Number of protein chains: 2
Amino acid sequence: MNDRSARRLAMLQEALASGGTLHLRDAAELCGVSEMTIRRDLTTQPSAISLLGGRLVMANYPGVTPVYDLTEQQASHYHVKHRLCQRAAGFIEEGDTLFIDCGSTLIPLLSQLSHFRELTVVTYALNVANSVAGLPNVRLVLLGGLFYASSQSFGSDNMEAAIERLGINKALISAAGVDYERGVSCFHFHEVAPKQAAIATAMQRFLVVDASKFGVVRPAYFATLADFDVVVTDDEQAPALLVSGSTPLPDISLA
Amino acid sequence: MNDRSARRLAMLQEALASGGTLHLRDAAELCGVSEMTIRRDLTTQPSAISLLGGRLVMANYPGVTPVYDLTEQQASHYHVKHRLCQRAAGFIEEGDTLFIDCGSTLIPLLSQLSHFRELTVVTYALNVANSVAGLPNVRLVLLGGLFYASSQSFGSDNMEAAIERLGINKALISAAGVDYERGVSCFHFHEVAPKQAAIATAMQRFLVVDASKFGVVRPAYFATLADFDVVVTDDEQAPALLVSGSTPLPDISLA
DNA sequence: CACTTAATGTTATAATTTTAACATTATCGC
DNA sequence: GCGATAATGTTAAAATTATAACATTAAGTG
């Protein structure tokens with residue numbers, strides 16, 4: 001509501017931009033006002049900074065996500081994807097070159113990569129890259145291009161070629177929809193090329209999808225179920241339904 | 001030190017992966033142990049999670065940076081780079097296609113990009129991409145490749161070609177060393193190609209360096225001072241020293 | 001310049017978090 | 001199964017942070 005208040009906030013935002021935390025005490029001294037004023041600056045108006053136990057922290061990168069409290073329920077919702085990824089991780093071997101698809105499904109997998117001595121991760125997703133960038137045992141290859149915020153991923157016209165150069169061992173693919181007759185689909189068309197290229201070059205292909213994706217159809221088809229070697233899922237009905245087909249169908253790994 | 005402890009940490013890391021915070025109380029319930037145990041999990045071993053005023057937060061993306069406390073001094077140290085970037089931002093115009101170099105110098109610039117209606121940012125640095133990925137008015141092009149953690153940037157053998165395709169308007173380049181006789185240098189050799197390509201294709205070239213970089217020589221030379229149109233710096237002696245040469249030299253923009 | 005209002009500072013109190021010491025329960029090897 | 005050790009739980013005291021109410025200072029207006 002105040003000109004000076006806004007300037008103080010900008011000042012603090014600078015200080016925090018590199019990702020540390022600033023004690024309320026120091027923030028007050030830095031701005032030359034009392035702690036109470038900083039407190040009010042932070043509560044009066046919406047800002048990218050939150051106060052957590054006396055320390056100022058930047059509401060999470062990149063700039064938008066506010067620091068909110070997860071409830072126990074919300075947190076436990078990750079268990080499904082976590083279980084899925086635990087199962088998927090069982091297929092990973094020392095020294096593998098993995099293609100990791102975009103989306104939120106495979107994110108839990110990445111925290112399990114630190115147990116290996118040496119791996120290579122190939123991805124076209126920013127969130128995947130971020131989750132892996134800190135691991136010293138993982139060689140990260142990010143396929144760049146134009147950024148699509150909705151899927152946190154990149155797209156470019158030569159991504160197919162780039163992927164085919166890479167000697168990918170195992171492709172871990174996620175999807176927004178899996179239909180037994182029509183095939184596997186996702187939301188965005190720019191995801192089709194990298195997914196297909198990865199499926200084409202990888203030696204083993206894994207489709208990782210939770211139960212909610214079955215019977216769902218999304219705008220962009222990119223594969224049939226027969227393109228995969230293994231489907232990792234928590235849908236107990238999936239195995240029964242899959243048997244019906246006559247073409248060579250993937251194994252089901254139930255998490 | 002403990003198998004279960006590690007599993008709990010992984011579990012919590014999952015829950016926090018999307019960027020919220022989790023109250024110690026909820027974390028304890030989620031894991032089915034007491035708050036004290038979670039406390040110990042977090043203090044006994046190094047982890048990406050820190051406890052801030054009773055709430056668990058992910059130590060900042062990407063993965064490595066621990067949540068540390070900035071002192072007042074450290075925080076005010078950002079003012080130098082902030083001033084530099086404020087000056088540099090003055091050269092940016094609506095609709096520009098900017099090449100943003102890797103390193104920490106240009107990061108403060110990115111928070112000033114939200115004032116424009118429409119911009120394109122080209123970069124080969126993960127931290128730059130992260131800072132820009134949330135801005136709805138910025139089109140982001142990330143040049144991918146193999147990730148180099150030390151500089152948070154990517155390198156690949158066809159980066160030159162990729163850059164030259166892009167129609168970059170203004171190149172904002174940072175450096176680790178600037179020597180009046182020997183030229184401009186950085187630490188890592190993989191940075192040379194993208195920097196040179198950007199300098200070659202851009203219509204305007206800006207070198208953004210604080211005073212501490214002058215007179216310093218680093219392993220990899222990538223340009224001479226004459227390659228730049230403008231040098232943005234806070235070194236008051238820079239202008240005087242630059243006049244000495246006879247070749248066409250850049251303007252100095254003093255912040 | 002007095003008056004009004006907004007902004008900031010101060011203080012005391014309430015709520016919460018942290019720490020430390022000790023009690024209890026599990027785990028492992030023999 | 002028993003003893004030793006590690007892991008976890010419980011409790012109370014100490015430290016810190018949050019809140020609210022009121023005092024003070026600064027800014028804006030007729």
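Everything quoted here is computed from the prediction, not taken from an experiment.
Ring geometry, F99(B) versus Y124(B): the interplanar angle falls under 30°, so the pair is classed parallel (tilted spans 30 to 60°).
If you take CZ of R55(B) and P of dT16(D), they are 18 Å apart, rounded to a whole angstrom. Here dT8(D) presents its C1' atom at 10 Å from CG of D41(B), a figure rounded to the nearest Å. Between L24(A) atom CG and dT16(D) atom P there is a gap of 14 Å when expressed in whole angstrom units. Protein atom CG of L52(B) is 15 Å distant from nucleotide atom P of dT16(D), rounded to whole Å. Separating the CG atom of L42(B) from the P atom of dA7(D) is a distance of 16 Å, rounded to the nearest angstrom. Rounding to whole angstrom units, CG of residue L51(B) and C1' of dT17(C) are separated by 9 Å. Following rounding to the nearest Å, R7(A) (CZ) and dA7(C) (P) show an atom-to-atom distance of 14 Å. We find that CD1 of I38(B) is positioned 16 Å from P of dT19(C), with the value rounded to whole Å.
Here R8(B) reaches the OP1 or OP2 of dT8(D): one of its side-chain N or O atoms lies under 4.0 Å away. Distances shorter than 4.0 Å separate some side-chain N or O of R4(A) from OP1 or OP2 on dA27(D). Under 4.0 angstrom from either OP1 or OP2 of dT17(D) there lies at least one side-chain N or O belonging to H23(A).
Two residues, R25(B) and G32(A), neighbour DNA chain C, and the one matched to the more 5' nucleotide by heavy-atom proximity is G32(A).
Other residues, nucleotides and ligands contribute only 12 or fewer heavy atoms inside 6.0 Å of the CE atom of M203(A).
R40(B) comes within 4.0 angstrom of a base, heavy atoms only.
A 4.5 Å side-chain heavy-atom check between T233(A) and F214(A) finds at least one atom pair inside the cut-off.
When the nucleotides dT17(D), dA27(D), dG9(C) are ranked by their closest atom to the side chain of T37(A), dG9(C) comes out on top. Which of dA20(D), dA27(D), dT8(D) sits closest to the side chain of M36(A) comes down to dA20(D).
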* Go through Y148(A) and F154(A) one step at a time and tell me if the ring-ring contact (aromatic ring centres under 6.0 Å, His included) criterion holds. => CA-CA 6 Å; Y148(A) 294 89; F154(A) 299 93; 8.8 Å; no
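Counting only N and O atoms by type, the side chains of R139(A) and T120(A) include a donor and acceptor under 3.5 Å apart.
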